[in-house]
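After the structure tokens below, expect a handful of questions from me.
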Amino acid sequence: TSVTGIGTGQTTGTVTVTPAGPTEGTVRGVAISKTSYDTYGPPDHDQIAAGVDANDANVAWGSEFTKSFLSTVSPGWTFSRASSQTYEKSDGTLGTVTSGNPAFTYSGGTAQGVLLEGARTNLLKYSEQFDNAAWTKNAATISATNITAPDGNATADTLKADAGTATLPRFADTSVNVTAGPMTVSVYAKAGTYTYVQVYLNNNVTEWVNFDLSGGTASANGSSTATITPVGEATGWYRLTMTYTAAGTDRRPFIMLGASASATRAQAWSPVGTETVHFSGTQLEVGSFASSYIPTTTASVTRAATSLARPWNFPSNNFSGQIKVRPQFAYNDSKGAYYNIVIAEYNTDNYFRIAVNPTNDVIYVTRRVAGTSAEAATSSGELNYANGELLNIRFRADTTGVYLWVDDSNSSTVDSCTSADCKTSFSNRPTEIRFLSAAGSASTLLPGVVESLTIYNEAKSDAFLEALE
């Protein structure tokens, strides 16, 4: 047997093994194995910790496949998104990547991973131009100022309350119609001479949110939920969000300078005429959480869905691994469906996947063979997952069953399935692996941030998988 094709110092190219047929050898000090494949790529140690590079479907993976998505998407992965996308940069400000380029997002200056999202539409027009006539102002004026916005540009607008008695200094897009069901409104806000902001709904007297920009607090009322998230370090900017269930198309949001941190809905108050708050980047979208900001001008804008996939090249039915991911959903999100974190699929009757059902906060690992599923799952509500929290998921599929380990900041759990249907080997092994995909039996794409993926071409022990951090 001869192995040729890689010279000293080379980082690209292929290795040809002669003769064809089962063999094994060493390339640049890394052991490789071969079944019926004839060529191998050189090791990329950011991608393959041991074994061989696997840049196409004709190349078998080695004993371990490891990929970090903190700063790059390696060759062999197919990334797509047919629109631009905003994300948080390392300094905390908002950045934008163009169509077809992945966004590697940060939080508090720490790299989080590649941001994958489903399609969302910002229903509001002129999302950064509140002085435009599309926005109705009451008891207040809005002017374009030179205040630095969350994206680092001097484009933020300032709302100043009119002096008066028992007034509601506010603004809204009164022409927008919403969709019955879960809606989320978000806006970037920074204190000027005033710190209280309230978001409330038209024709809904039970749901509103008070925000205090001095303390960074949010207080939701009724069945609505709210978040307030700082932008960058000491910029003073926050992203304010309110999620609510719209009972009709007129349940549009109003944004106002609130009377206090505990004000009642649309509580009138008496400004002296010097109270100001700066605003930028507002968004209204269908869904139960705020996705990345989508700028608009004359019309609503849709951000396209993202996709990240590559061939699944392990020839073995026995494998194990680890995924670190931050799904974007909240505990008891009431979506009522499976949403894939990762899926390796041959067709809808033959696949391996890790999925979540946010309604009861359950994570599943499933091996489906010829239409019959074997599944292990966490107990309902066991994780108490928070939107954006890092999940450390370890899994194994072998002749004895399928197994799942999940850690978050609230719990650590181990679950297994060892019944007869769990022991079936794939009749048709998966051919493609996809992150946060709508494929399989999931009905819609689950957005999130992927940090890393490791797959072992063997069934690692319980102790080994439990120890992975």
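Numbering of residues begins at 1 and proceeds along the displayed sequence. Small disclaimer: the values here were computed from a predicted structure and weren't measured.
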| field | Side-chain heavy-atom pair Q267, W269 within 4.5 angstrom cut-off | value | no
| field | R252 vs D173, salt bridge (Lys or Arg N to Asp or Glu O under 4.0 Å): CA-CA, chis, key distance, verdict | value | CA-CA 8 Å; R252 62 187 65 93; D173 180 348; over 6 Å; no
| request: Mark yes or no: K190 above the aromatic ring of Y188, with NZ or CZ under 6.0 Å from the six-membered ring centre and no more than 45 degrees from the axis. | output: no
| 4.5 Å side-chain heavy-atom contact, E207 and Y200 | no
| Would D157 and Q129 count as a side-chain hydrogen bond (donor to acceptor under 3.5 Å, both in side chains) if you check the C-alpha gap in whole Å, the side-chain angles of each, and the deciding distance to 0.1 Å? | CA-CA 7 Å; D157 289 349; Q129 299 166 256; over 6 Å; no
| task | Kindly determine whether T136 and T174 satisfy side-chain hydrogen bond (donor to acceptor under 3.5 Å, both in side chains), including the steps that lead there. | result | CA-CA 7 Å; T136 299; T174 57; 3.3 Å; yes
| field | Cation-aromatic face contact R326/F435, 6.0 Å, 45 degrees | value | no
| request: Answer yes or no: is there a donor N or O on one side and an acceptor on the other, between the side chain of E451 and the main chain of V449, under 3.5 Å? | output: no
| request: Mark yes or no for whether Y194, through its side chain, and G258, through its backbone, hold a donor-acceptor pair below 3.5 Å. | output: yes
| request: Kindly confirm or rule out a cation-pi arrangement of R396 over Y403, judged by NZ or CZ under 6.0 Å from the six-membered ring centre and within 45° of its axis? | output: yes
| message | What I'd like to find out is whether the side chain of V450 reaches to under 4.5 Å of the side chain of S452, using heavy atoms alone. | response | no
| field | F130 and W135 aromatic ring geometry - parallel, tilted or perpendicular at 30°/60° bounds | value | perpendicular
| task | Please test N153 against T155 for side-chain hydrogen bond (donor to acceptor under 3.5 Å, both in side chains), starting from the C-alpha separation and ending with a verdict. | result | CA-CA 6 Å; N153 297 314; T155 56; 5.5 Å; no
| side chain to side chain donor-acceptor pair (under 3.5 Å), paired with T241, selected from T229, T184, T227 | T227
| task | State, yes or no, whether a side-chain contact exists between V199 and F254 at a heavy-atom distance under 4.5 Å. | result | no
| query | Do the non-hydrogen side-chain atoms of I363 and I354 ever get within less than 4.5 Å of each other? | reply | yes
| message | Can you tell me which residue among W405, Y364, Y456, F352 is in a ring pair (Phe, Tyr, Trp, His ring centres under 6.0 Å) with F395? | response | F352
| said: Taking N122's backbone N and O only, do any of them form a donor-acceptor pair with R303's side chain (distance below 3.5 Å, no angle check)? | reply: no
| query | Which pair of non-hydrogen atoms, one from Y293 and one from S127, has the smallest distance, and what is that distance? | reply | OH-OG, 2.7 Å
| task | Measure the shortest side-chain to side-chain distance between R81 and S99 over non-hydrogen atoms and say whether it is less than 4.5 angstrom. | result | no
| field | Under 3.5 Å donor-acceptor, K324 side chain and G113 backbone | value | no
| Are T306 and Q85 linked by a side-chain donor-acceptor pair shorter than 3.5 Å? | no
| Taking NZ, NE, NH1 and NH2 as the nitrogens, is one of them in R434 or E345 under 4.0 Å from a carboxylate oxygen of the other? | yes
| Yes or no on side-chain hydrogen bond (donor to acceptor under 3.5 Å, both in side chains) for E285 and T121, after CA distance, side-chain angles and deciding distance? | CA-CA 6 Å; E285 57 193 308; T121 299; over 6 Å; no
| Student check: side-chain heavy atoms of T158 and I147 closer than 4.5 Å | yes
| task | Side-chain contact test, heavy atoms from C-beta onward, threshold under 4.5 Å: evaluate it for R251 versus N203 and give yes or no. | result | yes
